[in-house]
Amino acid sequence: MPRSFVIGDRVLTADGWVDGQGIEINGGLIDAVRPPPNDPSDNVHNYPGCMIVPGFIDVQVNGGGGVQFNATITPDAIQEIGAAHARFGTTSFLPTLISDTPNAFDSALRATADAIDARSPGVLGLHLEGPFLNTVKRGVHDASHFRQLDDGVVKQLASWGHGPLVLTVAPEVVGAPMIKQLSDAGVLLCAGHTAASYDETREALDNGLRGFTHLYNAMPPLVSREPGPVAAALESNAWCGIIADGHHVAPSMLNLAIRAKADGRIMLVSDAMAVAASSVTTFNLGGTKINVENGKCVDEHGTLAGSSITMLDAVRYCVRTLGISLEDALRMASTEPAAFLRKSDEVGMLMPGYRANLAVISPELEVIASFIDGLQVYQKG
């Protein structure tokens, strides 16, 4: 791969914004952040007036571009989903399987492994959201697919070995010993679709629970004498995923979580469905028709079913509605997800030696271009 250079007015580095610099790329990696070359060539990508930022990392992508992962569990579908989200600055993602049959569960592991082995652009790992969840907080998940986590599945997950593997579980259903066993094997455990008490959640955290899937949603609310999983999440050093779309959580509650997490371990997630990054307005989820109504994905009962947003939408919402600085919003969209995935030495920042995954954004927060491993995968026409 030839050496190339990406130039903008500002670059967001690990030390903050720098002006008059660009990204030098060599072999798919960032070689340097330095002033632009004096002699422009065909391998210089120049974006006057724009900002170069770390590409977004989305740990919860159910679909996009009209494709739903549960409906089409193949490497080609994963690639289509990734290409759709890359147009909006997402350069790394985890295809996410919602609770489904054992065959679908196995297929998701195989398809994602094949996509990673084939170096499908942007695929970092896999997120299995269920089926080891609590029926009481099932949301739009089909509870008929819920089952017990057993030793055979633990062994299957522990031996996957194709990148970060996130598993969302209800701690009170799975139990602390299983959580510890999986955590010790490298699986990244998140609490979600759970009715766990505060004490049950703390026990799970003590045994390796690493994060919380869509904080606030599909879990008991924060109550004065029943703090539940939300309080445990906010006072812990675990990462909390939030869906910043104006529908899943009220702005005040999002700001509360962001301010409460003094360690900064809040990460934006899209929880995107097939309708995201597309003109599609309806899709099928396990036999249930889901419609987009006023920006919300809902079933016939009005139950939320994922979202229609991209990570770019979440960043914009944080800046424009929550009043968060662009730098902090971008950190929650890149640096924090990378840390959660144990990929902080590879992605999530623009530093020498890191993968050249970056987005070029305008002052109006439009994505102008995206690069994955140094290759331009999107250019706004």
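For the numbers below, each heavy atom of this structure counts, side chains included, while hydrogens, waters and symmetry mates do not. Positions are given from 1 along the sequence.
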Given 3.5 Å as the limit, does a donor-acceptor pair link the side chain of N291 with the main chain of T282, or not?
no
Using the side chain to side chain donor-acceptor pair (under 3.5 Å) rule, take E172 and T194 through it: C-alpha gap first, then chi angles, then the decisive distance, then the call.
CA-CA 7 Å; E172 73 280 16; T194 173; 2.6 Å; yes
Can you list the steps and then say if E336 with R331 is a salt bridge (charged side-chain N to carboxylate O under 4.0 Å, His left out)?
CA-CA 6 Å; E336 293 302 332; R331 174 183 54 79; 3.2 Å; yes
Side chain D245, main chain H248, donor-acceptor under 3.5 Å:
yes
If only atom types and distance count, is the side chain of D328 paired as donor or acceptor with the main-chain N or O of I324 below 3.5 Å?
no
Between E364 and R316, does a salt bridge (charged side-chain N to carboxylate O under 4.0 Å, His left out) hold up when you go through it step by step?
CA-CA 9 Å; E364 297 75 31; R316 288 171 174 162; over 6 Å; no
Just how far is it from atom CD1 of I81 to atom CG of D76, taken to the nearest 0.5 Å?
11.0 Å
Do Q68 side-chain atoms and A274 backbone N/O form a donor-acceptor pair below 3.5 Å?
yes
Would R147 and F105 count as a cation-pi pair here, with the cationic atom under 6.0 angstrom from the ring centre and within 45° of the axis?
yes
Could you check whether the rings of H141 and F146 sit parallel, tilted or perpendicular, using 30° and 60° as the cut-offs?
tilted
Quick one: pull up CG in N134 and CE in M219 and give me the separation to the nearest 0.5 Å.
11.5 Å
Check this for me: N294, atom CG, are more than 12 non-hydrogen atoms of other residues, nucleotides or ligands nearer than 6.0 Å?
no
Are Q379 and H45 linked by a side-chain donor-acceptor pair shorter than 3.5 Å?
no
Quick one: does any side-chain atom of Y47 pair with a main-chain N or O of V360 as donor and acceptor, under 3.5 Å?
no
Of L12, V367, I368, which is the lone residue that meets side chain to side chain contact (heavy atoms under 4.5 Å, CB included) with I361?
V367
With a 4.0 Å cut-off on N to O distance, would you call E24 and R3 a salt bridge?
yes
If only side-chain N and O atoms count, and only distance matters, is there a donor-acceptor pair under 3.5 Å linking H127 with T168?
yes
As an exercise, state the distance from CG of N357 to CZ of F371, rounded to the nearest 0.5 Å.
11.5 Å
Atom pair CG (L330) and OG1 (T335), whose distance is rounded to the nearest 0.5 Å
8.5 Å
May I ask you to test the V315-C318 pair for a side-chain heavy-atom distance under 4.5 Å?
no
Side chain R210, main chain F340, donor-acceptor under 3.5 Å:
yes
Has the side chain of T310 got a donor or acceptor atom that lies under 3.5 Å from a matching backbone atom of H85?
no
Close side-chain approach of L149 to V154, heavy-atom, < 4.5 Å:
yes
Any L350 side-chain heavy atom under 4.5 Å of L358 side chain
yes
Listed once per pair and sorted, the salt bridge (Lys or Arg N to Asp or Glu O under 4.0 Å) pairs that draw on residues 81-109, sequence neighbours left out
none
Measuring from C240:SG to K261:NZ, what's the distance to the nearest 0.5 Å?
4.5 Å
I'd like to know if the side chain of S183 reaches the main chain of I179, judged simply by a donor and an acceptor atom lying under 3.5 Å from each other, with no hydrogens or angles considered.
no
May I ask you to check whether S107 and R110 show a side-chain donor-acceptor distance below 3.5 Å?
yes
May I have all residue pairs that pass salt bridge (Lys or Arg N to Asp or Glu O under 4.0 Å) and include part of residues 176-201, sequence neighbours excluded?
K180-D184
Side chains of L304 and V140: closer than 4.5 Å at any heavy-atom pair?
no
OG of S197 to CD of E226, rounded to nearest 0.5 Å, is 9.5 Å
Verify, without hydrogens or angle tests, whether H145 (side chain) and P131 (backbone) share a donor-acceptor contact under 3.5 angstrom.
no
Salt-bridge contact K296-E293 (side-chain N to carboxylate O under 4.0 Å)
no
So, N62 and N70: side-chain donor and acceptor under 3.5 Å apart, yes or no?
no
